[in-house]
Amino acid sequence: MAERKKEPAARGREGREEGEGTDSTDSPGSRDTHPTHPKDHGVLYVGIDLGTSRTSVAASNGVRETVLSYVGYPKDVVSRKLLKKDVLFGGEALERRLSLNLFRPLAKGVIKYGEMGNGVDVQEVESNRQAARDLIREAIARARPRKDELIYGVIGAPAQASIHNKKTMIDATREVLDAVMVCSEPFSVAYGLDILDDALVIDIGAGTTDLCRMHGTLPDAEDQITLTTAGDYIDQELHRRLQAHCRGASFSIEMVKDIKEKYSHVTDTSDPVRVELPVDGRPHTFDITEEVREACRSIVGPLVEALDKLVASFHPEFQHRLRNNVLLGGGGSQIRGLGRAIEEALQELGGGRVRTVEEPIYAGANGALKMAHDMPAEYWEQLR
Amino acid sequence: METAPSVDVAGAIRQSTQLRRISDLVKQGYRGVRVLDQARIAGLIHEAVESSWSRLRLEERRSVERDAKAEFLRLMDEHRRVVQSSEDLVAQREELERTIQDLRGVVTEEKGRAADAASFELSPQALAVLERRLRNTLDDSMAEARRTQLAMVGTSSIGFMKSLEARLREMLQGIIEGERERVKAARDAVHSREIDILERRIQKLTQGLEQTERALVSLRERGEEDPGVASIYRQVQGLSTTASDFARRREMLKDIFQQNLQLQMSRAEARDLKTA
Ligand SMILES: Nc1ncnc2c1ncn2[C@@H]1O[C@H](COP(=O)(O)OP(=O)(O)OP(=O)(O)O)[C@@H](O)[C@H]1O
Ligand SMILES: [Mg+2]
């Protein structure tokens with residue numbers, strides 16, 4: 001069963017469904033009436049999924065927001081005057097990119113150039129780090145926390161984020177969060193879905209595809225594999241193929257990404273994909289069914305290989321359980337027929353079952369939120 | 001109480017705050033206002049009191065406390081009034097808009113009436129028509145008179161008739177000119193007096209409206225700060241003991257916590273080293 005599920009309108013918010021909190025029956029609005037008594041200060045949990053392409057946040061006040069991971073600063077005084085802002089985010093930043101210095105601070109899932117001294121311009125490093133800080137702060141602001149509440153946050157960090165990277169993320173939240181923890185992103189996806197053991201979680205993002213083996217304890221390095229064959233990689237593959245196929249046509253990588261998100265599939269049969277691209281300034285229709293399919297398929301091979309590696313190195317008697325409990329998440333999991341394609345490839349390796357998560361965009365943030373909620377009070381106390 | 005002046009709570013607060021009416025600020029061209037928040041004010045009071053607390057006798061402490069509290073309440077009141085003034089401004093704007101609307105109606109009416117009066121009393125066109133008609137009538141009656149006179153008194157009367165005609169024409173001319181002047185003057189008067197006054201009032205009110213609007217914008221800019229959405233929790237929750245897989249979850253959470261403790265401890269240690 002690997003068919004893509006439509007994004008559901010509203011799945012119950014994590015934390016809100018839990019009946020265990022002493023005050024969990026309170027309606028969110030009811031607290032607005034007594035903001036002045038310190039005793040009544042609320043506790044707001046936020047879960048953040050910091051991604052290369054989008055950053056999502058889910059909070060215990062019911063707010064869920066997602067913003068494309070772009071940060072832009074006006075190039076000059078004139079632009080600043082016109083834009084009336086010092087910093088722009090997401091789609092708005094992308095739209096105004098001509099008058100902005102635009103950053104996508106989370107390359108390959110970690111803060112760009114997090115490690116200094118690999119010959120990168122110091123200014124460039126600092127700018128990306130600043131952009132990452134601003135992005136995290138913006139994500140939290142979009143959760144609309146109240147000033148009088150304690151805010152405890154969990155950030156889902158890419159599985160391979162370095163210590164240095166994690167520290168940068170923690171630093172970025174200092175002013176806005178009362179306490180913060182980072183955890184591996186694929187783990188937070190699994191935790192949010194109550195999948196704690198004998199499962200393989202695959203998060204296909206923009207910068208990376210993260211595979212994580214769950215077996216009842218916190219996954220460690222051996223349980224995780226990170227591949228760079230993910231969304232951005234497909235974009236580049238498709239771009240390359242379109243350049244060869246659509247002679248004379250001009251298009252940008254952003255256009256290619258749009259095409260991919262609209263028509264992505266790996267199935268043998270699909271409605272023909274026809275797009276209009278300008279050739280010498282005139283629109284021209286191209287059939288690119290094959291190109292889209294092949295570009296999307298380019299990530300399947302490495303993914304199955306990594307999957308096989310994680311299965312093969314697991315206790316022999318439990319391997320079949322892992323294989324039969326593969327979970328696909330992340331934006332890339334929306335490629336039509338991907339689950340089935342992986343199942344087919346697994347057939348040769350002893351079979352398997354692949355499911356797709358219901359909310360690819362919020363799965364990470366939901367899990368982080370749930371973790372924040374479950375974290376005992378004394379842990380939070382020690383991190384304040 | 002010779003030591004009382006050494007504790008100047010009001011002064012301390014005044015030093016850190018400025019109380020001004022929004023309307024005054026707007027007049028000075030301020031667009032945004034920064035308001036000291038409650039916690040900061042309380043902190044200032046605390047600071048001011050703490051600094052010389054120990055030097056005071058009991059009754060002095062009481063009086064200081066009283067002063068501080070009074071000052072605090074006054075500040076809170078001021079704060080409330082600033083917030084209130086936002087609502088006042090909205091009401092004020094609506095009132096202004098209504099007045100302007102009314103006045104515009106009056107002006108249109110007045111202008112219409114002025115025009116009506118003019119055309120009733122004689123518009124230039126109407127005057128021309130009247131003039132033409134009078135002339136025609138005069139011509140007709142002259143011709144008629146001439147015929148009868150000729151028949152009655154013979155040709156000797158022709159000279160007299162001619163001079164009479166000239167005098168009548170002259171008189172008519174005078175009447176028409178006079179009427180023309182009168183209508184013009186009346187029209188000018190109506191326009192210059194009532195309409196001008198009304199238009200000036202509208203202009204002034206529009207300025208008032210713009211000012212109110214600016215004040216509202218600046219208040220809104222300041223008030224743009226989202227109060228936020230309250231969490232559904234008042235206390236830290238933690239893993240429920242009835243959660244499925246309780247023990248395993250607890251272990252995992254502990255591991256995550258410990259990793260983070262390490263991450264954030266080494267951070268704190270590094271900072272301590274630096275400052276040491
Ligand atoms: N319908 C779709 N078909 C194929 N790919 C899609 C679709 N929708 C989104 N994507 C791709 O998914 C990727 C974004 O997924 P996601 O938001 O999970 O990434 P991310 O978390 O920001 O990245 P990372 O986890 O690598 O940091 C982008 O490459 C995007 O183009
Ligand atoms: Mg991701």
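Given the structure is predicted, the values throughout are model-derived calculations rather than measurements.
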So, are D197(A) and R248(B) salt-bridged, with charged N and O less than 4.0 Å apart? yes
Based on non-hydrogen pairs under 4.5 Å, which of A377(A), C183(A), G216(A) is most in contact with chain B? G216(A)
Might you work through the side-chain contact (heavy atoms from CB on, under 4.5 Å) test for K254(B) and L218(A), ending with a clear yes or no? CA-CA 9 Å; K254(B) 190 170 148 201; L218(A) 200 60; over 6 Å; no
Based on non-hydrogen pairs under 4.5 Å, which of D255(B), N260(B), D245(B) is most in contact with chain A? N260(B)
Q259(B) versus chain A, the contacting section by heavy-atom distance below 4.5 Å: side chain
Which value, rounded to the nearest 0.5 Å, describes the distance between Q237(B) atom CD and K370(A) atom NZ? 13.5 Å
In short, V43(A) meets S231(B) closest at the heavy-atom pair O-OG, 2.6 Å
Distance, nearest 0.5 Å, that separates NZ of K166(A) from CD of Q264(B): 11.5 Å
For the student: nearest non-hydrogen atoms of V236(B) and Y152(A), plus distance: CG2-CE1, 3.5 Å
Looking only at V182(A), V154(A), D194(A), the option with the highest number of non-hydrogen pairs under 4.5 Å against chain B is V182(A)
Applying a strict 4.5 Å limit to non-hydrogen atoms, the region of V180(A) in contact with chain B is both
From R249(B) atom CZ to D374(A) atom CG, the distance as rounded to the nearest 0.5 Å: 6.5 Å
What is the minimum heavy-atom distance between G238(B) and Y45(A), and which atoms define it? N-OH, 4.3 Å
F257(B) and Y379(A) aromatic ring geometry - parallel, tilted or perpendicular at 30°/60° bounds: parallel
Could you tell me the separation between the CD atom of E251(B) and the OG1 atom of T217(A), rounded to the nearest 0.5 Å? 9.5 Å
Exactly one candidate in L263(B), I256(B), L261(B), L253(B) meets side chain to side chain contact (heavy atoms under 4.5 Å, CB included) with M181(A); the answer is I256(B)
Quick one: pull up CD in E149(A) and CZ in R234(B) and give me the separation to the nearest 0.5 Å. 10.0 Å
